[in-house]
Chemist: 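Dropping a structure here in structure tokens format, bear with me for questions.
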2 protein chains.
Amino acid sequence: MSTQAPAPSRREQILKEAARLFAERGFHGVGVDEIGAAVGISGPGLYRHFPGKEAMLAELLVGISGRLLTGGKRRAAEGEGAGRTPAEVLDSLIEGHIDFALDDRPLIILHDRELDRLRDTDRKLVRSLQRQYVELWVEVVRKVYPRLAEAEARACVHAVFGLLNSTPHLGRPGALPGRAATAALLHRLAMGAFDGAHGADGAASEPKGRAAVDEESARGS
Amino acid sequence: MSTQAPAPSRREQILKEAARLFAERGFHGVGVDEIGAAVGISGPGLYRHFPGKEAMLAELLVGISGRLLTGGKRRAAEGEGAGRTPAEVLDSLIEGHIDFALDDRPLIILHDRELDRLRDTDRKLVRSLQRQYVELWVEVVRKVYPRLAEAEARACVHAVFGLLNSTPHLGRPGALPGRAATAALLHRLAMGAFDGAHGADGAASEPKGRAAVDEESARGS
DNA sequence: GGGAGTAGTTAACGTTCACTAACGGTACCG
DNA sequence: CGGTACCGTTAGTGAACGTTAACTACTCCC
């Protein structure tokens, strides 16, 4: 309805279009003229809003990293506050990440693709935020799957991020039924991945039945 | 000259270094002078071996896509020939992909990151190879997990690729015990993901009909 | 009405980049 | 020795890019 679109203030407009273009063609593949054209102004008019091209990328990356971390922290804290089990907290983290991946595709792409185009200062900040986010997940994952060593858990988290961030690769049109179905599918995939990493025998905490697919066990490597 | 193997023929040397540099800093972020310097010659000397910078990227991407597809086809054919179960074939596909991801990191990065920097002809070729590879997986996956609809299976395959291709994000040093352990872990993660996708109840999302529930949250597109 | 601030324009500058031109050395081969 | 193909060099070219400069129009506010 009359959702108050609160004045998409040129700045945000620019950031949004820049994100889309950067994601499509890469940071170095997009000129400032194109970004300007995408918002109706042309070329150097952008410099009224940003000190430079890189500042746009920096703000985008810091923004997404910060929001991911903030959201993750909030969900973890909610879990501690209420009587949630670690498994439920992990569930919530997965859900939050999926929301990001589905709603902010361009940012998710940039987030792990164009980080190295930042200057030292910005890059270190973004990396720090990313690391904190990863460690947040690792902590929760290790509570749910205590048999995972820390390094293993971290690798699993990175892998699941790769899985969840694969949304951009799903074809644009009607490849999947819809948003909700896609989210549910990703959720199941992520949970399954963690379960699989933990090993075939006694995973205690999660009630998900093991839908038996006959596999001849561990000829793993 | 009976020794066939050790001929790192300048050309291959160039391709290898170009792959590394493209993966590190992006196609547009690397200059031809740097590529030349990386192999000991400088700048335009490269044009004795390649008609242009983009030709190097094209050869790299066609190469990796082709090798992935060839390897996948070989494994699938071996499965058909022998009495292998679909689950065993899928196992083999996963193993093959992991080998690629672990042994040719730069190429795996380029493979899904710099595709759009190619000219139409090359890009279509690479996309065709990639699509065939995906469809190969989808076929096998649907045999192992028959309850997955085709679109779902395809999404799962893409997601698992994202998972397996996450290796570049695993920290460089001794983050994981070793190659074998990493491969085994990735294998378990991938299998678990498929299991998880299949295992959930079909209550929510099995029909192909336009379930109206999806688009609820799409306000403000 | 007259600053002041904001948001935009076009023109130009300096650099970087992919690529070409012209040239030289070296190995093989008659 | 002369010829040829290969592999490399340095110098240069035209285009594109990020950024700055100089200038214009509009709005707000006393």
Side-chain angles (χ1 to χ4, degrees), chain A residues 5-61 110 113-123, chain B residues 1-3 6-61 110 113-123:
Chain A
S9 68
R10 189 60 17 136
R11 232 186 111 84
E12 301 168 32
Q13 213 183 126
I14 293 170
L15 283 175
K16 188 182 159 200
E17 294 301 313
R20 185 179 56 81
L21 289 167
F22 288 160
E24 272 175 20
R25 301 212 285 283
F27 180 68
H28 290 301
V30 181
V32 289
D33 289 358
E34 296 177 76
I35 303 174
V39 298
I41 74 182
S42 227
L46 296 170
Y47 286 74
R48 296 283 160 198
H49 305 273
F50 296 91
K53 185 184 168 193
E54 198 215 283
M56 304 179 205
L57 182 63
E59 188 157 330
L60 287 169
L61 292 187
L110 293 182
R113 213 173 266 203
E114 306 286 345
L115 173 62
D116 293 326
R117 280 76 188 168
L118 258 46
R119 280 194 239 287
D120 265 29
T121 310
D122 296 324
R123 192 173 60 244
Chain B
M1 326 289 188
S2 57
T3 51
S9 69
R10 190 57 23 131
R11 233 186 110 85
E12 302 168 31
Q13 211 182 127
I14 293 171
L15 284 175
K16 187 180 159 203
E17 294 302 312
R20 185 178 55 82
L21 289 167
F22 289 160
E24 272 175 21
R25 300 211 285 285
F27 179 68
H28 290 300
V30 180
V32 289
D33 288 358
E34 296 177 76
I35 304 175
V39 298
I41 75 182
S42 226
L46 297 169
Y47 287 75
R48 297 283 161 199
H49 305 272
F50 296 92
K53 185 183 166 192
E54 197 215 284
M56 303 179 205
L57 182 64
E59 188 157 329
L60 286 170
L61 292 187
L110 293 182
R113 212 172 268 202
E114 307 285 347
L115 175 60
D116 293 325
R117 280 74 186 169
L118 258 45
R119 280 194 238 286
D120 265 30
T121 310
D122 295 325
R123 192 174 60 244

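Basis for what follows: all heavy atoms, side chains included, without hydrogens, waters or symmetry-related copies. Given the structure is predicted, the values throughout are model-derived calculations rather than measurements. Lettering of chains follows the sequences in order, A, B, ..., and the numbering in each one begins at 1.
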Chemist: Heavy atoms, side chains only, cut-off 4.5 Å: are A:K16 and A:V39 in contact?
Modeler: no
Chemist: Counting only N and O atoms by type, is there a donor-acceptor contact under 3.5 Å from the side chain of A:R117 to the main-chain atoms of A:F27?
Modeler: no
Chemist: Identify the heavy atoms of B:E114 and B:G26 that sit nearest to each other, and give their distance.
Modeler: OE2-CA, 3.3 Å
Chemist: If I compare all heavy atoms of A:L21 with all of A:I35, which pair ends up nearest, and what's the gap?
Modeler: CD1-CA, 3.9 Å
Chemist: Kindly give the heavy-atom pair with the smallest separation between B:A58 and B:D122, and that separation in Å.
Modeler: CB-OD2, 3.6 Å
Chemist: Enter the distance from B:L110:CG to B:L61:CG here, rounded to the nearest 0.5 Å.
Modeler: 6.0 Å
Chemist: Taking side-chain contact (heavy atoms from CB on, under 4.5 Å) as the definition, give me every residue that meets it alongside B:R113, ordered by chain and number, with sequence neighbours left out.
Modeler: A:R113, B:I109, B:H169
Chemist: Which letter, B, S or -, goes with each nucleotide of nucleotides 8-21 of chain D from 5' to 3', with contact meaning a protein heavy atom under 4.0 Å?
Modeler: BBBB------SBB-
Chemist: Does A:E24 reach the side chain of B:D116, with side-chain heavy atoms less than 4.5 Å apart?
Modeler: no
Chemist: A:D33: what forms a salt bridge (Lys or Arg N to Asp or Glu O under 4.0 Å) with it, not counting sequence neighbours?
Modeler: none
Chemist: Please, which pairs that meet salt bridge (charged side-chain N to carboxylate O under 4.0 Å, His left out) have at least one residue in residues 35-59 of chain A, sequence neighbours excluded?
Modeler: A:R11-A:E59, A:E54-A:R119
Chemist: For a 4.0 angstrom threshold against heavy atoms of chain B, report the outermost contacting nucleotides of DNA chain C in 5' to 3' order.
Modeler: C:dA18 to C:dC23
Chemist: Please report the end-to-end axis angle for the helix from C:dG1-D:dC30 to C:dG30-D:dC1, five pairs per end, rounded to 10 degrees.
Modeler: 10°
